[in-house]
There are 2 protein chains.
Amino acid sequence: MQIRQIAAQQNIPDRYLEQLLATLRRAGLVRSQRGARGGYLLARDPWKITLYDIVSCIEGFDTQADTEKQPSTAEGLVISDVWQEVRQAAETVLQKCTLQDLLERRNARQQLDIMYYI
Amino acid sequence: MQIRQIAAQQNIPDRYLEQLLATLRRAGLVRSQRGARGGYLLARDPWKITLYDIVSCIEGFDTQADTEKQPSTAEGLVISDVWQEVRQAAETVLQKCTLQDLLERRNARQQLDIMYYI
DNA sequence: TGCAAACCCCAGTGGAGAACCGGAGTATAC
DNA sequence: GTATACTCCGGTTCTCCACTGGGGTTTGCA
């Protein structure tokens, strides 16, 4: 798909989407075809890409981001540990969720909507 | 304890800490004693206060914060759902963690440090 | 071959929210 | 009565994210 199409469908400024896709490309999640009739395509199958891959890529997940600036008191270290657990819990949720899952969920929801409409 | 003591120990500007404590007080998590020899104390026992109480109080957890601005497309709703799951996972971790737990962890860590020091 | 359409890179802007002062006021132990 | 604490409120940075702009380079196609 081309940036313009995605931007129009999802209502995102195309210049901004361009940056996001460039980041995803550098992380090897999508591939790009330059030139006229170019565009983007997924680098892997939809069930082999998790939300964790995407999120950790565009929002650079420094696992130790807060550890560095803590004065390493006993309290600070304990707090860091808990935050680490929270982050871990969130990450496992994202890791279990693939693009394929999202797609299926969307289709299921659309089916539901149609039934309600009838 | 008095604001000054906490601020000095944790290396936080006292005027800022004052605001945070005021928020906690309004949420009923701490009580305050005014006047000379005044200060703050926990409103409940340490094992009856969870990290979730604290975090959701000072950083007002709008459960539906992102739902309102999504154009409610099928995609947007699915994304909201996943985010809701992530948030839920993080919250359960915080809900399981009481101040008493943190205290015990800190003490355990301090014991460890002493042993290493020997 | 020319050119338009697409991707590519980099630098900067704007706004929202968190972190952080400052001043003036009020309650209370001593 | 007074010093010491909390209390309220407004303003000031500071940082991060969403977003914009102006240049490229690559490539399909007439």
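Partners of B:Asp81 by salt bridge (Lys or Arg N to Asp or Glu O under 4.0 Å), not counting sequence neighbours, listed by chain and number: A:Arg109. Under the salt bridge (Lys or Arg N to Asp or Glu O under 4.0 Å) criterion, B:Arg4 pairs with no residue at all, not counting sequence neighbours. Under the side chain to side chain donor-acceptor pair (under 3.5 Å) criterion, A:Ser32 pairs with no residue at all, not counting sequence neighbours. Applying the salt bridge (Lys or Arg N to Asp or Glu O under 4.0 Å) rule to A:Lys96 yields no partners; only residues at least two apart in sequence or on another chain are considered. Residues passing the side chain to side chain donor-acceptor pair (under 3.5 Å) test with B:Gln19: none are found, sequence neighbours excluded. Judged as a side-chain contact (heavy atoms from CB on, under 4.5 Å), and not counting sequence neighbours, the contacts of B:Val93 are A:Glu85, A:Val86, A:Ala89. Residues passing the salt bridge (Lys or Arg N to Asp or Glu O under 4.0 Å) test with A:Glu104, sequence neighbours excluded: none. In this view, A:Asp101 and A:Thr98 satisfy the side chain to side chain donor-acceptor pair (under 3.5 Å) rule, not counting sequence neighbours. A:Arg25 pairs by the side chain to side chain donor-acceptor pair (under 3.5 Å) definition with nothing, not counting sequence neighbours.
Distance B:Leu20 CG to C:dA19 P: 8 Å, rounded to the nearest Å. Remark: P of D:dA5 and CG of B:Asp14 are 11 Å apart, rounded to the nearest angstrom. Taking atom OH of residue A:Tyr16 and atom P of nucleotide C:dA11, one finds them 18 Å apart after rounding to whole Å. What separates CE of A:Met1 from P of C:dA6 is a distance of 12 Å, to the nearest Å. In this structure, A:Gln2 places its CD atom 14 Å from C1' of D:dT26, rounding to the nearest Å. Look at CG on A:Leu41: it is 14 Å from C1' on C:dA6, rounded to the nearest Å. Between the CG atom of A:Leu17 and the C1' atom of C:dC7 there is a distance of 12 Å, given to the nearest Å.
For B:Ser32, no side-chain nitrogen or oxygen approaches OP1 or OP2 of D:dA5 to under 4.0 Å.
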Between the protein and nucleotides 8-10 of chain D, which nitrogen or oxygen pairs are less than 3.5 angstrom apart?
{"unit_1": "D:dC8", "atom_1": "OP2", "unit_2": "B:Arg25", "atom_2": "NH2", "d": "3.4"}
{"unit_1": "D:dC8", "atom_1": "OP2", "unit_2": "B:Arg26", "atom_2": "NH1", "d": "3.2"}
{"unit_1": "D:dC8", "atom_1": "N4", "unit_2": "B:Glu18", "atom_2": "OE2", "d": "3.3"}

Distances under 3.5 Å between protein N/O atoms and the N/O atoms of nucleotides 28-30 of chain C, please, pair by pair.
{"unit_1": "C:dA29", "atom_1": "OP1", "unit_2": "B:Gln33", "atom_2": "NE2", "d": "3.1"}
{"unit_1": "C:dA29", "atom_1": "O4'", "unit_2": "B:Ala36", "atom_2": "O", "d": "3.2"}

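From A:Glu18, atom CD reaches atom CG of A:Leu20 across 10.0 Å, with rounding to the nearest 0.5 Å. Atom OG in B:Ser56 sits 10.0 Å away from atom CG in B:Leu51 (nearest 0.5 Å).
Closest-nucleotide positions on DNA chain D for A:Ile12 and B:Tyr40 were compared, and the one nearer the 5' end corresponds to B:Tyr40.
Over its full length, the helix from C:dT1-D:dA30 to C:dC30-D:dG1 turns its helical axis through 0°, comparing axes from the five pairs at each end and rounding to 10°.
Across all strands shown, B:Ile3 has heavy atoms under 4.0 Å from sugar-phosphate atoms exclusively, and none from any base.
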